[in-house]
Colleague: 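Have a look at the structure that comes next, please.
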Amino acid sequence: MPFNKLKTDFNADIGIGALIIFIAMILIAGITASVMIQTMSSLQQQAIKTSENTLRDISSGLKVTYVSGYVQNSTITQLAIFASTTTASDDIDLTYGILSLSDSTNKVILNYSSSCFSHTISNGLFGTLNVSNLTSSQYGLLVIRDIDGSCNATKPVIDDEDLVVIIVNTTACFSGIGTRIDVMGELYPEHGIRGIIGFTTPSTFGHTIVDLQQ
């Protein structure tokens with residue numbers, strides 16, 4: 001057959017081009033789906049973590065149940081702040097707890113001092129610890145109730161039913177607290193609800209130990 005009589009067929013070229021475009025579309029769709037799945041998985045993990053943190057923040061925390069003061073020379077030289085966890089709270093490590101106190105004139109921030117700790121009250125609420133070792137940035141700790149023994153000097157962890165007393169040297173913090181003074185404060189755990197402190201000292205100090213907040 002003479003060469004000039006052969007027919008040229010371009011249909012195959014068109015079919016291959018369409019197949020290439022089709023394969024490219026499938027690849028793009030697969031890559032897009034993979035990216036979407038990874039993004040959804042990352043968002044899901046982030047949402048779970050956020051919800052866990054939120055639940056922990058609203059379900060855990062500390063509460064201040066009682067505050068008393070020790071009076072010497074007509075001024076309060078020590079504060080005893082009774083604290084426990086809120087109902088159904090996670091365990092709270094007071095190593096990372098912060099106490100803020102203000103006498104309406106000065107404000108101090110205190111952290112736990114492991115050198116001023118006692119698991120028993122051997123000489124009364126205000127006589128067991130040597131508060132002279134406490135500075136204006138430290139508080140001591142007395143353990144009143146610790147059922148599982150989780151609260152110790154190195155790692156003072158409190159949980160359900162535990163009760164501790166935070167001892168503050170107010171002489172070091174404010175040179176003592178006199179009469180008719182508004183005192184405010186907050187006990188911050190590492191996470192969760194903070195305990196609130198708020199009271200006004202009496203107009204006169206008739207006893208060595210005074211009730212300040214109940």
Side-chain angles (χ1 to χ4, degrees), residues 52-71 75-113 116-118 121 125-126 129 131 134-147 150-151 155-203 205 207 209-214:
E52 289 176 347
N53 290 339
T54 302
L55 287 173
R56 183 185 63 180
D57 288 341
I58 63 176
S59 63
S60 299
L62 292 170
K63 60 182 178 181
V64 174
T65 59
Y66 181 74
V67 179
S68 65
Y70 183 71
V71 178
T75 59
I76 297 174
T77 59
Q78 295 182 54
L79 285 180
I81 303 168
F82 289 69
S84 61
T85 59
T86 56
T87 303
S89 171
D90 291 341
D91 297 353
I92 292 179
D93 188 351
L94 292 177
T95 305
Y96 304 99
I98 296 174
L99 173 65
S100 71
L101 277 178
S102 171
D103 67 349
S104 301
T105 301
N106 300 300
K107 183 176 182 178
V108 293
I109 304 296
L110 301 97
N111 296 283
Y112 166 69
S113 172
C116 210
F117 174 91
S118 179
I121 300 178
L125 189 62
F126 294 103
L129 298 180
V131 296
L134 294 174
T135 66
S136 60
S137 62
Q138 297 174 318
Y139 65 79
L141 200 65
L142 284 173
V143 179
I144 303 296
R145 183 174 63 241
D146 180 21
I147 298 174
S150 61
C151 189
K155 199 172 182 63
V157 176
I158 60 174
D159 46 32
D160 285 344
E161 306 301 329
D162 288 353
L163 179 64
V164 297
V165 179
I166 293 172
I167 301 295
V168 178
N169 183 350
T170 53
T171 300
C173 295
F174 310 113
S175 298
I177 302 175
T179 57
R180 301 183 181 88
I181 300 296
D182 294 326
V183 177
M184 297 159 288
E186 293 174 314
L187 179 59
Y188 293 90
E190 183 180 5
H191 54 77
I193 302 168
R194 62 187 184 274
I196 304 299
I197 301 166
F199 59 86
T200 301
T201 58
S203 56
F205 295 131
H207 303 280
I209 298 176
V210 292
D211 298 330
L212 299 172
Q213 178 179 328
Q214 300 183 37

Colleague: Please tell me if the side chains of Ser100 and Ile109 come closer than 4.5 Å, counting only heavy atoms from C-beta onward.
Modeller: yes
Colleague: What are the two closest non-hydrogen atoms of Leu187 and Ala83, and how far apart are they?
Modeller: CD2-CB, 3.8 Å
Colleague: Below 4.5 Å, heavy atoms only, C-beta onward: do Leu212 and Ile76 meet side chain to side chain?
Modeller: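 Yes, close enough: below the 4.5 Å cut-off.
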Colleague: Hey, what do you get for CD1 (Ile167) to CG (Leu142), rounding to the nearest 0.5 Å?
Modeller: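 Atom-to-atom, Ile167:CD1 and Leu142:CG are 4.5 Å apart.
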Colleague: Which heavy atom of Leu141 sits nearest a heavy atom of Pro156, and at what distance?
Modeller: CD2-CB, 3.7 Å
Colleague: Minimum heavy-atom separation for Gln138 and Leu110, please, with both atom names.
Modeller: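 Reported closest heavy-atom pair: O-CD2, 3.0 Å.
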Colleague: Determine whether a donor-acceptor pair (N or O, by modelled atom type, separation under 3.5 Å) exists between the side chain of Ser150 and the backbone of Val157.
Modeller: yes
Colleague: Any pair with a residue in residues 81-111 that passes ring-ring contact (aromatic ring centres under 6.0 Å, His included), sequence neighbours left out, goes on the list, sorted by first then second residue, please.
Modeller: Tyr66-Phe82
Colleague: For Glu186, give me all partners under salt bridge (Lys or Arg N to Asp or Glu O under 4.0 Å), at least two apart in sequence or on another chain.
Modeller: Arg194
Colleague: The test is side chain to side chain contact (heavy atoms under 4.5 Å, CB included); show your working for Ile158 and Leu62 and say whether it passes.
Modeller: CA-CA 10 Å; Ile158 60 174; Leu62 292 170; 3.6 Å; yes
Colleague: Can a donor-acceptor pair be found, under 3.5 Å and without considering hydrogens, that links the side chain of Gln213 to the backbone of Ile196?
Modeller: yes
Colleague: So, for Leu163 and Ser84, which heavy atoms are closest and what is the spacing to 0.1 Å?
Modeller: CD1-CB, 4.2 Å
Colleague: What distance separates Asn169 CG from Ser137 OG, expressed to the nearest 0.5 Å?
Modeller: 11.0 Å
Colleague: Counting only N and O atoms by type, is there a donor-acceptor contact under 3.5 Å from the side chain of Thr171 to the main-chain atoms of Ser175?
Modeller: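 Looks like no, no N/O pair under 3.5 Å.
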Colleague: Working to the nearest 0.5 Å, report the span between CG of Leu99 and CD1 of Ile166.
Modeller: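 So the CG of Leu99 and the CD1 of Ile166 are separated by 5.5 Å.
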Colleague: Judged by atom type as modelled, is there a donor-acceptor pair below 3.5 Å linking the side chain of Thr95 to the main-chain atoms of Lys155?
Modeller: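 Side chain of Thr95 to backbone of Lys155: no pair is present.
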Colleague: Applying side chain to side chain contact (heavy atoms under 4.5 Å, CB included), run through Phe174 and Leu101 and close with a yes or a no.
Modeller: CA-CA 10 Å; Phe174 310 113; Leu101 277 178; 4.0 Å; yes
Colleague: At what distance, to the nearest 0.5 angstrom, does CD1 of Ile121 lie from CD1 of Ile144?
Modeller: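 If we round to the nearest 0.5 Å, Ile121:CD1 and Ile144:CD1 are 3.0 Å apart.
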Colleague: So how far is it from Ile92 CD1 to Asp162 CG, rounded to the nearest 0.5 Å?
Modeller: 10.5 Å
Colleague: Would you say the side-chain atoms of Thr201 pair up with the backbone N or O of Gly178, donor to acceptor, closer than 3.5 Å?
Modeller: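 A pair under 3.5 Å: yes.
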Colleague: To check you understand the geometry: which heavy-atom pair defines the closest contact between Tyr139 and Gly97, and what is its length?
Modeller: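 The pair with the smallest heavy-atom distance is OH-O, 3.6 Å.
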Colleague: Please report the C-alpha distance between Val210 and Phe199 in whole Å, then the side-chain angles of each, then the deciding distance to 0.1 Å, and finally whether the side chain to side chain contact (heavy atoms under 4.5 Å, CB included) criterion is met.
Modeller: CA-CA 12 Å; Val210 292; Phe199 59 86; over 6 Å; no
Colleague: Using the rule side-chain contact (heavy atoms from CB on, under 4.5 Å), only one of Thr87, Thr86, Thr85 pairs with Asp160; which is it?
Modeller: Thr85
Colleague: Which value, rounded to the nearest 0.5 Å, describes the distance between His207 atom NE2 and Ser68 atom OG?
Modeller: 13.5 Å
Colleague: Mark yes or no for whether Thr170, through its side chain, and Thr77, through its backbone, hold a donor-acceptor pair below 3.5 Å.
Modeller: yes
Colleague: Please find the pair of heavy atoms, one from Ser136 and one from Val108, that lie closest to each other, and give the distance.
Modeller: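 Heavy-atom minimum between the residues: O-CB, 3.7 Å.
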